[in-house]
Amino acid sequence: MLRQRSPVRPLSSADRDAALALCARNRVANVFAAARIGEGALRGHPNSVLGHWGEGGLRGLAWVSANVVPVELDDDGVAAVAHRISRQRRQCASIFGPTEQVEGLWERLGPTWGPPRSVRRHQPLLTTTTPPSRLGVEVDPSVRPARPDEVDLVLPAAAHMFTEEIGYPPYFGSDRAYRGGISALIRAGHTFVRVEDGEVVFKADVGSLALGCAQIQGVWLHPRLRGHGLALPSMAAVVELVLDGMAQEVSLYVNDFNHAARRLYEHCGFTEVGSFTTVLL
């Protein structure tokens with residue numbers, strides 16, 4: 001009897017165009033995976049992208065590395081990918097992405113991977129294509145791309161943001177790997193800062209860039225400056241800079257309980273287009 005081939009297999013460089021076309025169905029929701037694929041994940045990271053295949057070709061995929069991120073998986077795809085993941089790894093740092101797909105994966109992986117540290121069930125997915133200045137929003141002219149020689153300035157701000165958001169520091173002991181990630185973002189021109197007296201007091205990163213969409217992450221304002229009306233012009237400046245040649249659309253997702261951040265993004269012109277869920281492990 002012939003063994004039936006699994007509908008899930010790792011993608012290769014030959015699948016790049018099909019994978020990006022799948023991501024393009026919803027570039028705002030799928031920009032993380034699209035960026036990793038565009039950066040060469042199918043070439044340099046074996047088994048990091050699992051494809052779900054069926055009649056007509058590639059039906060869905062999932063980025064599987066430190067994080068698991070689903071893309072366009074239907075119910076059959078969620079079940080098949082979860083089964084494959086459960087066979088090849090014991091856990092990851094997080095699962096995040098469109099709510100229905102993440103909940104489906106976690107329903108199947110949770111019994112052996114759990115309990116989670118946190119489940120953020122509703123994170124509004126926001127987007128804008130309009131420069132905030134057109135909406136009458138003040139733009140802070142001091143916000144700019146970080147320079148390659150400013151890694152040591154950016155690192156404390158990035159670590160503070162990570163710890164506030166996730167609940168534990170981004171590294172223990174050596175900061176070498178974390179510093180390397182910060183340096184790579186800065187070299188790419190994807191980190192924006194406001195510096196005062198030799199200290200970063202505002203920071204935001206373009207964490208993913210693909211298909212004409214830039215996803216903002218790591219937004220942070222120094223605690224001593226919060227509540228003074230500085231967050232809005234600083235964030236507006238980032239959106240302006242990104243829309244000025246880097247991407248046609250800016251997106252991000254935010255915790256639903258972070259009411260201050262949600263008001264900030266609304267004032268910047270962002271509108272809700274979907275929902276993400278994050279499972280932190």
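By convention here, the first residue in the shown sequence is residue 1. Everything quoted here is computed from the prediction, not taken from an experiment.
Rounding to the nearest 0.5 Å places CZ of Arg43 at 6.0 Å from OG of Ser13. Expressed to the nearest 0.5 Å, how far CD of Gln215 lies from OG1 of Thr127 amounts to 10.0 Å. Atom-to-atom distance recorded for Glu164:CD and Phe162:CZ is 12.5 Å, nearest 0.5 angstrom. Rounded to the nearest 0.5 Å, atoms CG (Asn258) and CZ (Arg263) are 9.0 Å apart. Atom OG1 of Thr163 is separated from atom CD of Glu165 by 10.5 Å, given to the nearest 0.5 angstrom. In this structure, Glu272 CD and Tyr265 OH are separated by 14.0 Å, a value rounded to the nearest 0.5 Å.
Residues that satisfy the salt bridge (charged side-chain N to carboxylate O under 4.0 Å, His left out) test with Glu249, not counting sequence neighbours, are Arg27. In terms of the side chain to side chain donor-acceptor pair (under 3.5 Å) criterion, residue partners of Asn67 (sequence neighbours excluded) are, by chain and number, Ser94. With sequence neighbours excluded, no residue satisfies ring-ring contact (aromatic ring centres under 6.0 Å, His included) with Phe172. The side chain to side chain donor-acceptor pair (under 3.5 Å) search around Asp74 returns Arg59, not counting sequence neighbours. Every residue meeting the side chain to side chain donor-acceptor pair (under 3.5 Å) condition with Ser208, not counting sequence neighbours, appears here in chain and number order: Arg36. Listed by chain and number, the residues in a ring-ring contact (aromatic ring centres under 6.0 Å, His included) with Trp220 are His160, His222 (sequence neighbours excluded).
Shortest non-hydrogen contact noted between Gln101 and Leu73 is OE1-N, 2.9 Å. Across all their heavy atoms, Cys268 and Leu135 have their closest contact at O-CD1, 4.0 Å. Nearest heavy atom pair, residue Ile186 against residue Ala146, reads CG2-O, 3.5 Å. For Ile95 against Leu105, the heavy-atom pair with the smallest separation is CG2-CD1, 4.3 Å. Between Gly269 and Thr128, the shortest heavy-atom contact is O-OG1, 3.4 Å. Cys213 approaches Ala247 most closely through the heavy-atom pair C-CB, 4.1 Å.
Under the 4.5 Å side-chain heavy-atom criterion for grouping Ile, Leu, Val, Met, Phe, Trp and Tyr, Leu50 is connected to Leu109 within one hydrophobic cluster. At a threshold of 4.5 Å between side-chain heavy atoms, the hydrophobic network of Ile, Leu, Val, Met, Phe, Trp and Tyr places Met246 and Leu126 in one connected group. A continuous path of ILVMFWY side-chain contacts below 4.5 Å connects Leu155 to Val200, so both sit in one hydrophobic cluster. Hydrophobic clustering of Ile, Leu, Val, Met, Phe, Trp and Tyr side chains at less than 4.5 Å, counting indirect connections, unites Met161 with Val151. Linking ILVMFWY residues whenever their side-chain heavy atoms come closer than 4.5 Å, directly or via other members, leaves Val139 and Val219 in distinct clusters.
Grouped with Val31 in a hydrophobic cluster is no other residue, since no side-chain heavy-atom contact under 4.5 Å to another Ile, Leu, Val, Met, Phe, Trp or Tyr is found. Clustering of Ile, Leu, Val, Met, Phe, Trp and Tyr side chains at separations under 4.5 Å leaves Leu211 isolated, with no partner residue. Hydrophobic clustering, defined by side-chain heavy atoms of Ile, Leu, Val, Met, Phe, Trp and Tyr closer than 4.5 Å, groups Leu125 together with Leu11, Leu20, Leu22, Val28, Phe32, Ile37, Leu42, Val49, Trp53, Leu58, Leu61, Trp63, Val69, Val71, Phe96, Tyr253, Val273, Phe276.
No side-chain heavy atom of Arg121 sits under 4.5 Å from any side-chain heavy atom of Val279. A 4.5 Å side-chain heavy-atom check between Gln217 and Leu252 finds every atom pair outside the cut-off. Looking at Thr191 and Pro145, their side chains never come closer than 4.5 Å, going by heavy atoms from C-beta outward.
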Checklist entry - Can you list the steps and then say if Arg120 with Leu280 is a side chain to side chain contact (heavy atoms under 4.5 Å, CB included)? => result CA-CA 8 Å; Arg120 299 174 180 181; Leu280 297 171; 3.8 Å; yes

Checklist entry - When you look at Glu72 and Asn26, which way does the side chain to side chain donor-acceptor pair (under 3.5 Å) test go after all the steps? => result CA-CA 8 Å; Glu72 302 295 310; Asn26 186 341; 5.0 Å; no

Next on the checklist: Run Arg117 and Ile166 through side chain to side chain contact (heavy atoms under 4.5 Å, CB included) and show every step you take.
Outcome noted: CA-CA 10 Å; Arg117 288 187 300 103; Ile166 304 300; 3.7 Å; yes

Checklist entry - When you look at Asn47 and Val64, which way does the side chain to side chain contact (heavy atoms under 4.5 Å, CB included) test go after all the steps? => result CA-CA 8 Å; Asn47 301 317; Val64 182; over 6 Å; no

Item to check | salt bridge (charged side-chain N to carboxylate O under 4.0 Å, His left out) assessment of Glu39 paired with Arg16 | outcome: CA-CA 11 Å; Glu39 292 161 1; Arg16 182 179 183 276; over 6 Å; no

Checklist entry - Yes or no on side chain to side chain contact (heavy atoms under 4.5 Å, CB included) for Phe270 and Val254, after CA distance, side-chain angles and deciding distance? => result CA-CA 11 Å; Phe270 285 89; Val254 60; over 6 Å; no

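Taking a cutoff of 4.0 Å between a charged side-chain nitrogen and a carboxylate oxygen, Arg262 and Asp256 do not qualify as a salt bridge. In this structure, Arg144 pairs ionically with Glu150, as a charged nitrogen and a carboxylate oxygen lie closer than 4.0 Å. In this structure, Glu103 does not pair ionically with Arg108, as no charged nitrogen and carboxylate oxygen lie closer than 4.0 Å.
Within 6.0 Å of CG on Asp149 lie more than 12 heavy atoms contributed by other residues, nucleotides or ligands. A 6.0 Å sphere centred on CZ of Arg176 holds no more than 12 heavy atoms belonging to other residues, nucleotides or ligands. Annotation: Arg134, atom CZ; neighbour count of heavy atoms from other residues, nucleotides and ligands within 6.0 Å does not exceed 12.
If you check the side chains of Gln123 and Thr278, you find a donor sitting under 3.5 Å from an acceptor. A donor-acceptor pair shorter than 3.5 Å cannot be found between the side chains of Arg179 and Ser183. With no hydrogens or angles considered, a side-chain donor-acceptor pair links Ser275 and Thr99 at under 3.5 Å.
Annotation: ring-ring contact (aromatic ring centres under 6.0 Å, His included) contacts involving residues 98-127, sequence neighbours excluded, are absent. Among residue pairs with one or both ends in residues 176-208, those qualifying as ring-ring contact (aromatic ring centres under 6.0 Å, His included) are Tyr171-Tyr178; sequence neighbours excluded.
Judged purely by atom type and a 3.5 angstrom limit, Asp205 has no side-chain atom pairing as donor or acceptor with the backbone of Gly207.
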For residues 229-244, please give each side-chain donor-acceptor pair under 3.5 Å, one per line with the distance, not counting sequence neighbours.
unit_1	atom_1	unit_2	atom_2	d
Ser234	OG	Leu230	O	2.9
Glu240	OE1	Ser133	OG	3.4
Glu240	OE2	Ser133	N	2.6
Glu240	OE2	Ser133	OG	2.7

